[in-house]
Amino acid sequence: MNDKLLSLLGIAKRAGRLSIGFDAAAASMKKGESRLVVLSQELSDRSKRSVSALAEQYGVECIYSGCPMEETGHALGRKQTGIVSVNDNGFALKIRALCTQNSQEECI
């Protein structure tokens, strides 16, 4: 599951449909562009609370991936990435489907 998710995130990045990091994801949510926020389990509790509160305020769903921050970052050409906003309905639907077909341990 992780390989498919990471590949899909890489494709979405190349298509210009992602906002990576807290500030970029927050800006996407405020603009109404964000369709889904993917969070790493390794995020600090403070970051999780901040992103979740923003997502709730703007009506955006959050999904916790089973991918470590380093693997996610590597797939997106960065060192580490724990917060990714998906700004496209098609990519968001596919990522959500990947998460729901797997166990709740990987995506909540």
Side-chain angles (χ1 to χ4, degrees):
M1 180 285 199
N2 286 349
D3 291 339
K4 288 182 182 180
L5 175 61
L6 294 174
S7 293
L8 190 58
L9 287 172
I11 292 168
K13 181 185 184 288
R14 288 188 294 280
R17 303 296 184 189
L18 297 182
S19 297
I20 303 168
F22 179 83
D23 292 336
S28 289
M29 286 186 263
K30 289 176 183 176
K31 290 179 188 175
E33 297 172 347
S34 182
R35 302 293 175 247
L36 178 70
V37 177
V38 181
L39 305 175
S40 172
Q41 295 287 2
E42 300 171 330
L43 275 180
S44 69
D45 289 337
R46 180 179 178 203
S47 294
K48 286 179 184 178
R49 281 192 308 269
S50 298
V51 172
S52 296
L54 272 176
E56 186 176 326
Q57 179 180 350
Y58 292 105
V60 179
E61 181 183 0
C62 283
I63 291 180
Y64 293 97
S65 76
C67 302
M69 288 172 58
E70 289 179 9
E71 286 182 19
T72 305
H74 180 71
L76 300 174
R78 296 177 176 232
K79 265 191 167 182
Q80 291 185 341
T81 300
I83 302 169
V84 179
S85 172
V86 182
N87 303 331
D88 180 84
N89 281 329
F91 284 117
L93 290 171
K94 183 62 177 170
I95 290 168
R96 197 176 293 118
L98 280 173
C99 290
T100 56
Q101 74 185 5
N102 291 290
S103 71
Q104 290 297 319
E105 294 172 7
E106 293 185 19
C107 296
I108 298 173

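- Atom CZ of R35 sits about 13.5 Å away from atom CD1 of I95, to the nearest 0.5 Å.
- Taken from CD1 in I11 to CG in D88, the straight-line distance is 12.0 Å, to the nearest 0.5 Å.
- Formation of a donor-acceptor pair under 3.5 Å by the R78 side chain with backbone atoms of A75 is not found in this model.
- Separating the OH atom in Y64 from the OG atom in S52 is a distance of 3.5 Å, to the nearest 0.5 Å.
- Atom CG of L5 is separated from atom OG of S65 by 6.0 Å, given to the nearest 0.5 angstrom.
- The closest side-chain heavy-atom distance from L54 to F22 is below 4.5 Å.
- In this structure, L43 and G82 approach most closely via the heavy-atom pair CD1-O, 3.5 Å.
- Taking each heavy atom of N87 and S19 in turn, the nearest pair found is ND2-OG, 2.8 Å.
- Few gaps surround CD on E33; more than 12 heavy atoms of other groups in view lie less than 6.0 Å from it.
- Nearest heavy-atom pair, M29 versus V60, reported as atom, atom and distance to 0.1 Å: CG-CG2, 4.0 Å.
- One distance of note links CG of L39 with SG of C67; it measures 12.0 Å at 0.5 Å rounding.
- Side-chain contact, S85 with S34: a donor N or O sits under 3.5 Å from an acceptor N or O.
- Here the side chains of V37 and V86 are not in contact, with every heavy-atom distance at 4.5 Å or above.
- More than 12 non-hydrogen atoms from other residues, nucleotides or ligands lie less than 6.0 angstrom from NZ of K48.
- By the side chain to side chain contact (heavy atoms under 4.5 Å, CB included) test, E56 pairs with no residue at all, sequence neighbours left out.
- Scored by the side-chain hydrogen bond (donor to acceptor under 3.5 Å, both in side chains) test, T81 finds no partners at all (sequence neighbours excluded).
- Using a 4.5 Å heavy-atom cutoff, the side chains of T72 and S40 are not in contact.
- Atoms CG and CZ, on L9 and R17 in that order, are 15.0 Å from each other to the nearest 0.5 Å.
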